[in-house]
There are 2 protein chains.
Amino acid sequence: MSRSETTRDRLLHHARTLLWTHGYSNVSLRQIAAAAGVDVALIARYFGSKRGLFEATLDGAFDLPPVTSETALVDMVVALFTTSPCGETAPTVLQLLLMNAHDEQVGGAVRAAHHTGMQSRLDRLLGDPRRAALFMAAVLGMSVAEKSLRLPGIGPHDTHDYAAQLRHMLGAALSFAR
Amino acid sequence: MSRSETTRDRLLHHARTLLWTHGYSNVSLRQIAAAAGVDVALIARYFGSKRGLFEATLDGAFDLPPVTSETALVDMVVALFTTSPCGETAPTVLQLLLMNAHDEQVGGAVRAAHHTGMQSRLDRLLGDPRRAALFMAAVLGMSVAEKSLRLPGIGPHDTHDYAAQLRHMLGAALSFAR
DNA sequence: CGGTCATGTCAACGGTTGTTGACAACATTC
DNA sequence: GAATGTTGTCAACAACCGTTGACATGACCG
């Protein structure tokens with residue numbers, strides 16, 4: 001790996017961590033560069049602009065392992081929203097997804113990444129965009145209520161329990177979706 | 001109403017509109033003042049700081065009409081998340097709620113307002129924090145999936161349909177919540 | 001060794017931010 | 001009408017922002 005690639009990866013890693021957890025406009029390029037231990041100007045060199053860096057951050061963010069079973073895919077989605085993908089202080093996919101709420105440009109990129117990386121596969125495997133959307137809504141609701149809103153009535157669930165409940169909820173949602 | 005109260009209310013109104021829809025750090029005090037047609041310095045006079053203005057914005061944001069029936073309260077919550085409270089370009093409560101995701105200080109204020117204004121009443125009327133949290137998760141999931149993530153599989157539902165589905169979902173959620 | 005390209009450093013640019021204090025215009029009360 | 005307190009205006013502050021270009025340093029190849 002060339003020298004430039006390692007610093008590029010370092011920038012990408014810390015950009016993901018900081019931007020996803022604290023939001024696009026709450027983190028400056030100087031903070032990211034400082035966390036990565038490199039100069040600010042290198043961001044412009046490697047990613048062009050702040051938006052370019054953020055969009056590079058979206059690469060493969062919603063990718064799922066290549067499973068073919070319906071329940072396996074569902075479990076993968078639940079797992080992706082339940083656990084931090086890499087490490088303890090790592091940002092969650094949920095926080096990335098919620099970045100779309102208040103910024104039209106950032107939101108468009110996030111929605112596009114989610115659709116091509118995750119939702120389209122759900123559509124295909126669950127057979128119906130409506131079923132997939134309702135399942136996504138169930139996962140989102142649980143995640144937002146627990147992780148973002150921190151409702152005392154929910155969690156901390158262990159992953160198994162959580163997935164089981166969501167699968168149950170999925171069954172209910174799909175039953176009235178027909 | 002004194003002169004100062006009207007300009008205070010104008011500031012509050014436009015602050016709500018702009019801050020809730022575009023996020024805390026995406027809107028400057030100068031934009032808010034310009035929208036309200038007053039000088040920037042008046043914000044400091046009436047609200048002390050940007051945070052003070054935002055927190056004044058939270059006043060009564062999650063308040064619900066004083067109903068006592070369980071289903072009536074549930075309908076009120078659904079209605080609050082489904083419709084814009086005042087006018088077409090008005091910001092939604094959902095956007096306010098999602099502001100808690102990426103800013104710890106702002107998020108704390110939002111969560112507190114939501115808890116005292118809405119969740120505590122749900123806890124009381126539904127009898128169980130767990131039931132209330134699961135209901136909230138269902139409403140949140142539907143709202144985020146439709147309004148924020150804009151999943152093509154969901155909506156646009158007319159309000160009646162939407163509420164009916166959520167009430168059905170509530171039944172399912174509550175059934176496996178015991 | 002000398003030349004060439006990749007990589008990193010530094011300083012600065014114009015613009016915007018939240019906040020402050022001095023001052024003018026106005027209304028109210030004596 | 002004069003004095004007083006309220007309400008609004010203006011200019012400025014220091015700090016930070018994303019972005020740019022010039023320059024130093026390193027690696028690599030002929």
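Note that the coordinates shown come from a computational prediction; the quantities given were computed from them, not determined experimentally. Each chain gets a letter, A, B and so on, in the order its sequence line appears, and its residues count up from 1.
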_Residue whose nearest DNA chain D nucleotide is more 5′ - Arg45(A) or Tyr24(A)_ = Tyr24(A)

*Given atom CG of Asp9(B) and atom P of dT7(D), what is their separation to the nearest angstrom?*
13 Å

*Hey, is the main chain of Pro91(B) close enough, under 3.5 Å, to the side chain of Arg16(B) for a donor-acceptor pair?*
no

*Atom CG of Leu42(A) to atom C1' of dT19(D): distance rounded to whole Å?*
13 Å

*Closest nucleotide among dG18(C), dG21(C), dT19(D) to the Ala41(B) side chain*: dG21(C)

*Can you tell me if Asp103(B) and Ser25(B) form a side-chain donor-acceptor pair at under 3.5 Å?*
no

*Arg51(B) side, atom CZ; Gln105(B) side, atom CD - distance, nearest 0.5 Å*: 4.0 Å

_Contact list for DNA chain D against residues 30-39 of chain B - heavy-atom distance below 4.0 Å_ = Arg30(B), Asp39(B)

*In whole Å, what is the span from the CG atom of Leu53(A) to the P atom of dC17(D)?*
15 Å

*Atom CG of Leu18(A) and atom P of dC17(D): how far apart are they, to the nearest Å?*
12 Å

_Could you measure the distance from the CG atom of Leu58(A) to the CH2 atom of Trp20(A)? Nearest 0.5 Å is fine._
7.0 Å

*asked:* Please report the distance, rounded to the nearest Å, between CZ in Phe47(B) and P in dG8(D).
replied: 12 Å

*Expressed in angstrom and rounded to an integer, what is the separation of Leu29(B) atom CG from dT16(C) atom C1'?*
12 Å

*Give the rounded distance in Å between these two atoms: CG of Leu11(B) and C1' of dG8(D).*
12 Å

*Any side-chain N or O of Thr7(A) under 4.0 Å from OP1/OP2 of dT7(C)?*
no

*Give a yes or no answer on whether the side chain of Ser143(A) reaches the backbone of Leu94(A) with a donor-acceptor pair at less than 3.5 Å.*
no

*When rounded to the nearest 0.5 angstrom, what is the spacing between OG in Ser69(B) and CG in Leu73(B)?*
8.0 Å

*Donor-acceptor contact present, side-chain Asn100(A) to main-chain Ser148(B), <3.5 Å*: yes

_Is the phosphate of dC17(D) approached by Ser28(A) (side-chain N or O, under 4.0 Å from OP1 or OP2)?_
yes

*Atom NZ of Lys50(B) to atom P of dT17(C): distance rounded to whole Å?*
8 Å

